[in-house]
Student: 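Please read through the structure below; I'll follow up with questions.
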Amino acid sequence: MDFQYDSEQNDLREAVRGLLQRAYGDPEARRRTVATDPGFDEKTWARLAEMGVLGLPFAEDDGGMGAGPIEVGIVAEEIGRVLAPEPFVEAVVLAGGLVAAVGTAAQRQAVLGPLSEGASVLALAHAEPGTRWSPSASGVTATEDGGTWRLTGVKEPVLNGARADVLVVSAVVGDGTALFLVRGDAEGLTRTGYRTHDGGRAANVTLTGTPAELLGAGTADRSADVERAQALARIAYGNEAVGAMETALRTTAEYLKTRKQFGVTLNRFQALTFRAADMYVSVELARSTALWASMVADTGGDVVAAGDRVRLQTSRAGRHVGKEAIQLHGGIGVTAEYSIGHYTSRLTAIDHVLGDGDWAAARLAETVDSYPTVDPLGAPYTGAP
Amino acid sequence: MRLQLSPEMEAFRDEMRTFFTTQVPAEIRDTVAARRHVGREQYVQTQRILNAAGLAVPHWPVEWGGRDWTPLQRHIWREEMQLASVPEPLAFNASMIGPVIAAFGDQEQKERFLPATANLDIWWCQGFSEPDAGSDLASLRTTAVRDGDDWVVNGQKTWTTLGQHADWIFCLVRTDPTAEKKQRGISMLVFPMDSPGVTLRPIELLDGSHEVNEVFFEDVRVPAENLIGEENRGWDYAKFLLGNERVGIARVGATKKLISQAKSLAREVTAGGRPLSEDPRLTARIAELENELVALELTALRVVANSADGKPHPASSVLKLRGSELQQAATELIVDIAGPLSLASFADGGSQVPDWARVATPEYLNYRKVSIYGGSNEVQRTIIAGTILGL
């Protein structure tokens, strides 16, 4: 049992941290980037590709780096640390992860190669208005027409849906959910993009008899694959949230040491330092859970259960740390000019993409009566001793 | 990064589990599992069984019965003991005065005290807190004045846990009232509880138990050789002692056991014709608690796995704070499952309320102590804010 990164993992962390620090070490740079479409910096995206980051979890035969969830977690944490707006989790872990899991060899090479090289941005079009956090599709249907699949229905919000070169779209086929690849320039595809509150981009994606390529061989129900990809993304987001919380806490502590009120710096007020101490507790417990979940995924354990656990822990911690960070800053915390509020906004967005704390608690609650004691050690982790 | 225990550690865990569940008498473990107070004889019997197997003081120097285990092995040892409902070796002996004597005592003191301390032939109690010196321990006022070959001790201690069972006390006393810093004029003395001039008065707790005491000293004569270490260095020894067991204090295994009990108890109580274990609000509450517990256990593992170089891991300060909160939350969960049954706290013959429901509220009230003793949670927040966040 070991919670330390090895030297290669440390090198990866330092390299990504250095790159992102140069890009977004100054919060003004991030503000400028998210103010204009596509909401992230194409040059930074290309540099991440050069570094191998965008192909990190994919097999080398598919054009990737053959790394795993721990390396993905390292990158995600660094992204969270500076709120880098590049859609790493969305494009690589979620959309790319599904192509890697479901796609044929030819599809994997055709899609994951360009994604890894930074030549093509991928987005997952799965969420639908009126439903939430489901692994299945219900509002988009697929029909086969003379050898061509066509999709009809609405997906929203689709993160980076307007910018994406290729969309991975889930759709109802029979009584199951199948996955499809849709080109950004496909006929019958309408994409209306907009800003999300955390500076990102999302879109309404309307499909009207849009031609699509079936992902993988056959139309078997892919809900379990979607569930698994979502779980891996929950784990990656958990790491991203830890990075964001870490910075929010450090920024807040720095502020308490420098900001003066009533003639003294704020750290002279115990009511405030105690609240900062509680933020630290939240961050460290969330960090432990995120590291653990990455290791569970890395060793082939129960990814779905680990994803639920990390979602619950980082949801509660993210809300706590985010809200306190603003409160302890006072009025400046709610201005767009200062960085801290953006951290809270991002933590809030992470909370809502793939299931919030109550949702995860309810899922975990369904099985608490089936085992006597929790045991996070050992693999594969099943939630039971 | 590796999640699994090594095969050696798996084997070690199995070995501990087997020992604790087969070698410690079932009636003692049942008492702990039923959350009833463990008596003196049960403590002594258990510790002697552990000591005979080399499991009472594994963290001591090897010369005095230690095992030279890694922090992870000590963690597993403690967790398995708690999961098996084995009374842990008396903290005053195993975690407090033993390591202090081993580190700072002279050879004669080591030979005289350490084997007897490990085997619980001497039951120690702690003479630290005073009515005006709790978290602000350095302001203690009990004095020791040198008179020939003796120290003469006068003053009062309080919150002396299980002092009624104790053979000896280790005591912080003020030996230099003129010291510029109040921490510098304190020494550590040890002496028998039946020394002339020692009076013990029990304090009844909210749960009806007799667990703590006041201890009064009136011209108690203590031989000079009973000074531990150097005169006026007692504060350093106290800090060493208090800093010793930050990891074990998380008590994850004990809280796991409580939650496990809560789950089975929830099946025994019905509401509206359905067992409470089917109430989604209760199961969600259990799920939240278990998740917090997983996070705490993993944090404890991060601390023990990465503290090989002897430096305390920064996250270790989280363990006491969150560990105590979760212990309390678990007792609160059980008392809420008992609901109206919990009012029968002091019922005996004639009541049909099950035993677990009777002890639920007394235990819940008793457990308020865990966020107070060993450095209150406010002290822990002060440590985190000051030493980690630099506030």
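Letters go in sequence order (proteins before strands), and every chain restarts at 1.
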Student: Please tell me if the side chains of A:E284 and B:R322 come closer than 4.5 Å, counting only heavy atoms from C-beta onward.
Tutor: no
Student: Tell me whether A:R316 is salt-bridged to B:E288, with the criterion being a basic N under 4.0 Å from an acidic carboxylate O.
Tutor: yes
Student: Please give me the minimum heavy-atom distance between B:T382 and A:Q270, naming the atom from each residue.
Tutor: OG1-NE2, 4.3 Å
Student: Please classify the contact between B:S264 and chain A as side chain, backbone, both or neither, with a heavy-atom cut-off of under 4.5 Å.
Tutor: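 For B:S264, neither part sits under 4.5 Å from chain A.
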Student: At what distance, to the nearest 0.5 angstrom, does CG of B:L301 lie from CG of A:L377?
Tutor: 5.0 Å
Student: Let me know if A:Q9 has heavy atoms under 4.5 Å from chain B in its side chain, its backbone, both or neither.
Tutor: side chain
Student: Does some side-chain heavy atom of A:L291 sit less than 4.5 Å from a side-chain heavy atom of B:L298?
Tutor: no
Student: Does the side chain of B:L389 come within less than 4.5 Å of A:K257's, by heavy atoms?
Tutor: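 No; the side chains remain at least 4.5 Å from each other.
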Student: Report which part of A:A361 has an atom under 4.5 Å of a heavy atom belonging to chain B: side chain, backbone, both, or neither.
Tutor: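 Both parts, backbone and side chain.
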Student: Check whether more than 12 heavy atoms from other residues, nucleotides or ligands sit under 6.0 Å from atom CZ of A:R268, and answer yes or no.
Tutor: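 Open.
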Student: By a 4.5 Å heavy-atom criterion (distance strictly below it), what part of B:E378 contacts chain A: side chain, backbone, both, or neither?
Tutor: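 For B:E378, the contact with chain A is made by backbone and side chain together.
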Student: Could you tell me which non-hydrogen atom of B:A295 sits nearest to which non-hydrogen atom of A:S288, and how far apart they are?
Tutor: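 Closest approach of B:A295 to A:S288, heavy atoms only: O-CB, 3.8 Å.
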Student: Among B:L83, B:V318, B:L293, B:T283, single out the residue with the greatest number of heavy-atom pairs under 4.5 Å to chain A.
Tutor: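 Option with the top pair count is B:T283.
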Student: When you check the gap from the basic side-chain N to the acidic O, do A:D298 and B:R2 get nearer than 4.0 Å?
Tutor: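 Salt bridge between A:D298 and B:R2, a charged N being under 4.0 Å from a carboxylate O: no.
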Student: State, yes or no, whether a side-chain contact exists between B:T299 and A:R287 at a heavy-atom distance under 4.5 Å.
Tutor: no
Student: Heavy-atom pairs under 4.5 Å with chain B are the metric here; pick the option from A:L364, A:D278, A:V281 that has the most.
Tutor: A:D278
Student: Do the side chains of B:S260 and A:Y371 get nearer than 4.5 Å, heavy atoms only?
Tutor: no
Student: Identify the heavy atoms of B:E290 and A:V368 that sit nearest to each other, and give their distance.
Tutor: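 For B:E290 versus A:V368, the nearest heavy atoms are OE1-CG1, 3.6 Å.
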Student: Please flag which part of B:L296 lies under 4.5 Å from any non-hydrogen atom of chain A: side chain, backbone, both or neither.
Tutor: both
Student: Is there side-chain contact between B:E297 and A:P376, with heavy atoms separated by less than 4.5 Å?
Tutor: yes
Student: Find the one option among A:T273, A:T367, A:N267, A:L285 whose heavy-atom pairs under 4.5 Å with chain B are most numerous.
Tutor: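 Of the options given, most contacts go to A:L285.
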Student: Counting neighbours of CZ on B:R29 that are heavy atoms of other residues, nucleotides or ligands and sit closer than 6.0 Å, is the number greater than 12?
Tutor: yes
Student: Under 4.5 Å between any side-chain heavy atoms of A:F274 and B:I384, yes or no?
Tutor: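 With C-beta onward as the side chain, the pair stays apart.
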Student: Determine whether a donor-acceptor pair (N or O, by modelled atom type, separation under 3.5 Å) exists between the side chain of A:D369 and the backbone of B:S277.
Tutor: no
Student: What part of B:E292 is in contact with chain A, defined as an atom under 4.5 angstrom from a non-hydrogen atom: side chain, backbone, both or neither?
Tutor: both
Student: Where on B:R267 is there a heavy atom nearer than 4.5 Å to chain A: the side chain, the backbone, both, or neither?
Tutor: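 When you check distances to chain A, only side chain atoms of B:R267 fall under 4.5 Å.
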Student: Considering only NZ, NE, NH1 and NH2 on the basic side and carboxylate oxygens on the acidic side, decide whether B:R13 and A:D375 come within less than 4.0 Å.
Tutor: yes
Student: Are B:M1 and A:Q4 side-chain neighbours, meaning at least one heavy-atom pair lies under 4.5 Å?
Tutor: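 No, every pair of side-chain atoms sits at 4.5 Å or beyond.
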Student: What distance separates B:L391 CG from A:L256 CG, expressed to the nearest 0.5 Å?
Tutor: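 CG of A:L256 is found 5.5 Å from CG of B:L391.
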Student: For A:E366, is it the side chain, the backbone, both or neither that has a heavy atom under 4.5 Å from a heavy atom of chain B?
Tutor: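 Neither part, no heavy atoms under 4.5 Å.
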Student: Counting only non-hydrogen atoms closer than 4.5 Å, does B:L72 touch chain A with its backbone (N, CA, C, O), its side chain (CB onward), both, or neither?
Tutor: side chain
